[in-house]
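We name chains A, B, ... by the order of the sequence lines, and we start the count at 1 in each one.
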Protein chains: 2
Amino acid sequence: MKKRIRIIDIAEKAGVSKGTVDRVIHKRGHVAPAVKKRVLAVMEELDYRPNVIASALAYNRVWKIAALLPNPDEDPFWRQPKNGIQKALNSTRDYGINVDFFHFPDADTKAYANCCDQILTGNYDAVLVAPVYYNEAHKFLNECEEISLKYFLINTYLKREDASFQCYVGQDSYQSGVLAAKLLDFGIEHGDAVMVLHLEKGVYNSKHLLEKEQGFQNYFIEHSNRNIQIIKTSYENPTDTNAFRKFINYQLKSYPNLKGIFVTTSRLYQLVDVLSEGQAEKIKLVGFDLIPANLDYLRAEKINFLINQNPVKQGYLGILNIFEHLVRKKEVTPIQHLPLDVVMQENLKYYLEADEKIHLMI
Amino acid sequence: MKKRIRIIDIAEKAGVSKGTVDRVIHKRGHVAPAVKKRVLAVMEELDYRPNVIASALAYNRVWKIAALLPNPDEDPFWRQPKNGIQKALNSTRDYGINVDFFHFPDADTKAYANCCDQILTGNYDAVLVAPVYYNEAHKFLNECEEISLKYFLINTYLKREDASFQCYVGQDSYQSGVLAAKLLDFGIEHGDAVMVLHLEKGVYNSKHLLEKEQGFQNYFIEHSNRNIQIIKTSYENPTDTNAFRKFINYQLKSYPNLKGIFVTTSRLYQLVDVLSEGQAEKIKLVGFDLIPANLDYLRAEKINFLINQNPVKQGYLGILNIFEHLVRKKEVTPIQHLPLDVVMQENLKYYLEADEKIHLMI
DNA sequence: TATATACATGTGCTCGAAAACAAAAATTAC
DNA sequence: GTAATTTTTGTTTTCGAGCACATGTATATA
């Protein structure tokens, strides 16, 4: 077991003081070229690795981070990323990471603008943004760019080329559509029909839903020998059960060879709500997200697959990337897609447990 | 942003010195009951949380860990857990975690016993064990128990009730069989037949293979309405391609309604090797492990699903649990099953990337 | 040569907790 | 009541790196 190399060890071996070694390490200048070379050589030779713990302690600086997210009390989905953020905080607190949350109520642009103002004038070192509203988000990010406020995106991808853009953590919408197609394809026969169904208002403004659809469609185009017919539909208000049931029954009658449905949102359970026993048995179903209503149907074997893109981890990795960037001064990967987990009744529990166990380390 | 509470803050508020607070925190005794009560009350009131960084630095102690694994140069599988161990080390080194590796060549019981001796007499604080050989492992763990050497198991589960047993991280063999059954079931028809195929020597000594088989079988027993016939087979030496091909052709002739095969080891690729184009297309295939040979066939859509139980993470979590136990003095969960990831061509890349990204934190 | 100036190098304090050590107070023994 | 002993409490050093400040050395300018 070899002794750990400290700055002082390098200093001694190079015949200088620790102050000089420190200046070399941090490139602070004021070191004679010959000395610098000697110090670097010794560092190389002894394979010096800074003690990150001592470093963090001595740094003793506080990093101000803002997190701009929809209100988790209104939209329960956001409880999970917020949870992940808080878990990351437990690991990073002693390194000086400090997060202020900014939540805005759904579709309240005034409150939203207010949040943005506070963040822009609040002297933050970085901001974690869920850019759920396309236009507003772009506007805010432009402003961040102006004051060189570094931003990290989670959940929804926005194409940005700014210097202030650091990284995105979230889903790969297109690929999740491809995956859904492959899953359904495995369970149906040559010549069957499948449906991609959006249960959401304003689908044609939601880029990620369209990407899912595109991925789904492209799979079957690339597997044209399977001769699968694709039906694209959307339905805005599945909460009105009776009307929705009529709509679905009409679809099933129109396409008697329909054997699989892909619901692009987390609302697959609302489709199952209106399917009869016989219908549900005949049609394979794929959807998103491990929310309780979906899980009930997954356990009852009425839903075949749920695709999961760990929302807790989104928040966790969001903060972790900020930590790596600010504290460790590392380059972060610009695009970080979360795994597309294929969840079934048989492997569900591991994914539910996994969220509890993100207790890792810095 | 609230200031972090330090020991000295508590000391001041309680009207004592930081030495006294320290004694209370660490239960070192030598504190008057009344004072202890006052200090605890202040700690509670100010919600004191120790600065783990400063704590780790001051501790300045080295933990000696031994890792007993098969030689990764002989069995490439073990390269991955070892990789995970090394990644965990990068995160924990500064906390004083120090690992010595002990590798034994395959089936060399003398070398194995030698490793064990070294570990038992080497004054280690904990040992991470992959108990691949049933009898030898039990013997070693008994000896650990005698000298109160704490052990942590990875990869293969051994039922132990000792006080020295801390936790197991690894696969859930039974459940992976159930999952494989469900996957195949989704792709076949009522009345078809499926095969569970062991490609390994000494199957009936390998408890985890039998558990996989059991899980597979029980799924179909519980779904008897599907009326699926189960064929159990094993073949010891698939490397002899010609003989193996004959064997498989014979099986396929014997069971013309065979529509799915579950290979219980990572050797599914050897089955695909001997299947003709036409045969591979008709039969759905499920197996284990993201090894290159399997991945080639997965990408070529000849393998339908690979079940993955992140081997890198096994090693990583093994060390992390030791860290949590020794350094953080936390209770660790005794049984920790890794997620059973369902891997297809369409979501493969995320799982391959994921291994790179375990860079998490302490 | 004296002095200002720039640059190179060394010293010492800091972060917060741990623990050895020193001092003070309380208790016991005689 | 005093000395010896035990118990309680306070002080100081340590961990390794960061950084402000002090000191030292060489070059330029008068």
Side-chain angles (χ1 to χ4, degrees), chain A residues 3-40 42-43 46-63 92-98 326-329 362, chain B residues 3-40 42-43 46-63 92-98 326-329 362:
Chain A
K3 199 182 120 218
R4 288 226 64 193
I5 302 299
R6 300 158 301 168
I7 283 188
I8 189 95
D9 298 319
I10 296 170
E12 272 167 23
K13 184 143 192 180
V16 295
S17 75
K18 72 197 188 91
T20 300
V21 177
D22 178 72
R23 274 182 289 269
V24 172
I25 291 174
H26 293 93
K27 303 193 176 83
R28 295 192 222 278
H30 301 281
V31 179
V35 175
K36 180 174 172 182
K37 203 177 151 193
R38 201 165 72 232
V39 168
L40 285 172
V42 174
M43 278 173 59
L46 301 185
D47 187 28
Y48 172 72
R49 318 264 201 102
N51 182 324
V52 291
I53 287 179
S55 169
L57 184 63
Y59 238 4
N60 193 33
R61 103 153 253 200
V62 174
W63 303 95
T92 52
R93 202 196 330 265
D94 293 331
Y95 289 82
I97 297 287
N98 225 297
L326 294 180
V327 182
R328 296 257 199 268
K329 314 214 175 301
I362 305 196
Chain B
K3 200 181 119 220
R4 288 225 65 192
I5 303 298
R6 300 159 302 169
I7 283 189
I8 189 100
D9 299 319
I10 296 170
E12 272 167 23
K13 186 143 188 181
V16 295
S17 76
K18 68 203 191 86
T20 300
V21 177
D22 178 71
R23 275 182 288 270
V24 172
I25 290 174
H26 293 92
K27 303 192 175 80
R28 296 193 221 278
H30 301 280
V31 178
V35 175
K36 180 174 174 183
K37 204 176 152 192
R38 201 165 72 232
V39 169
L40 285 171
V42 174
M43 278 173 58
L46 299 185
D47 187 28
Y48 171 72
R49 318 263 202 100
N51 183 324
V52 291
I53 287 179
S55 169
L57 184 63
Y59 236 10
N60 193 34
R61 100 153 255 197
V62 174
W63 303 96
T92 51
R93 201 194 331 263
D94 293 331
Y95 289 83
I97 298 287
N98 224 297
L326 294 180
V327 182
R328 296 257 197 269
K329 314 213 176 298
I362 306 196

Task: N/O (side chain, B/Thr20) to phosphate O (OP1/OP2, D/dG10) under 4.0 Å - done: yes
Task: Interatomic distance where OH belongs to B/Tyr95 and P belongs to D/dC15 [whole Å] - done: 19 Å
- [ ] Classify the nucleic acid contact of B/Asn60 as base, sugar-phosphate or nothing, counting any heavy atom under 4.0 Å across all strands shown.
- [x] sugar-phosphate
Task: Chi angles and distances behind the side-chain contact (heavy atoms from CB on, under 4.5 Å) call for B/Ile10, B/Ile5 - done: CA-CA 8 Å; B/Ile10 296 170; B/Ile5 303 298; 4.1 Å; yes
- [ ] Rounded to the nearest angstrom, tell me the gap between atom CD in B/Glu12 and atom C1' in C/dA17.
- [x] 15 Å
Open item on the list: Between the base of D/dG10 and the side chain of B/Arg23, is one N or O donor paired with an acceptor at under 3.5 angstrom?
Closed with: yes
Task: side-chain contact (heavy atoms from CB on, under 4.5 Å) assessment of A/Ile7 paired with A/Tyr48 - done: CA-CA 8 Å; A/Ile7 283 188; A/Tyr48 172 72; 3.3 Å; yes
TODO: Round to the nearest Å and state the distance from A/Arg6 atom CZ to D/dC15 atom C1'.
DONE: 9 Å
Open item on the list: For C/dG16 and B/Tyr48 - does any side-chain N or O of the residue sit under 4.0 Å from the phosphate oxygens OP1/OP2?
Closed with: no
Open item on the list: Using whole Å, what does the distance between atom P of nucleotide D/dT14 and atom CD1 of A/Ile8 come to?
Closed with: 13 Å
Open item on the list: Using a 4.0 Å heavy-atom cut-off, does B/Asn51 contact any base of the nucleic acid, only the sugar-phosphate backbone, or nothing at all?
Closed with: sugar-phosphate
Task: Integer-rounded Å distance: D/dG16 C1' and A/Ile53 CD1 - done: 10 Å
Task: Separation of D/dT14 C1' from B/Lys18 NZ (nearest whole Å) - done: 10 Å
TODO: Could you work out which one of C/dA17, D/dG18, C/dC15 sits closest to the side chain of A/Leu57?
DONE: C/dC15
TODO: Would you mind reading off the distance between B/Asp9 atom CG and C/dC15 atom C1', rounded to a whole angstrom?
DONE: 13 Å
Open item on the list: Counting the atoms with a prime plus P, OP1 and OP2 as sugar-phosphate, which does B/Ile7 contact under 4.0 Å by heavy atoms, base, sugar-phosphate, or nothing?
Closed with: sugar-phosphate
- [ ] Rounded off to whole Å, could you give me the NE2-to-P distance for the B/His30 and C/dT27 pair?
- [x] 16 Å
- [ ] Examine D/dC19: is either OP1 or OP2 under 4.0 Å from a nitrogen or oxygen in the side chain of A/Arg28? Give yes or no.
- [x] yes
Open item on the list: Determine whether a donor-acceptor pair (N or O, by modelled atom type, separation under 3.5 Å) exists between the side chain of B/Lys329 and the backbone of B/Leu326.
Closed with: yes
TODO: Measure across A/Ala56 and B/Ile53 and return the closest heavy-atom pair with its distance rounded to 0.1 Å.
DONE: CB-CD1, 3.8 Å
Task: Short side-chain N/O contact to D/dC19 OP1/OP2 from A/His26, under 4.0 Å - done: no
- [ ] Verify side-chain contact (heavy atoms from CB on, under 4.5 Å) between B/Arg23 and B/Val39, making sure each step is shown before the conclusion.
- [x] CA-CA 10 Å; B/Arg23 275 182 288 270; B/Val39 169; over 6 Å; no
Task: Residue mapping more 5' on DNA chain D - nearest nucleotide basis, B/Ala58 or B/Ala32 - done: B/Ala32
Open item on the list: Can you identify which nucleotide, out of C/dG10, C/dA18, C/dT9, has its nearest atom closest to the B/Tyr59 side chain?
Closed with: C/dA18
- [ ] Report yes if at least one side-chain N or O of B/Ser17 is closer than 4.0 Å to OP1 or OP2 of D/dG10; otherwise report no.
- [x] yes
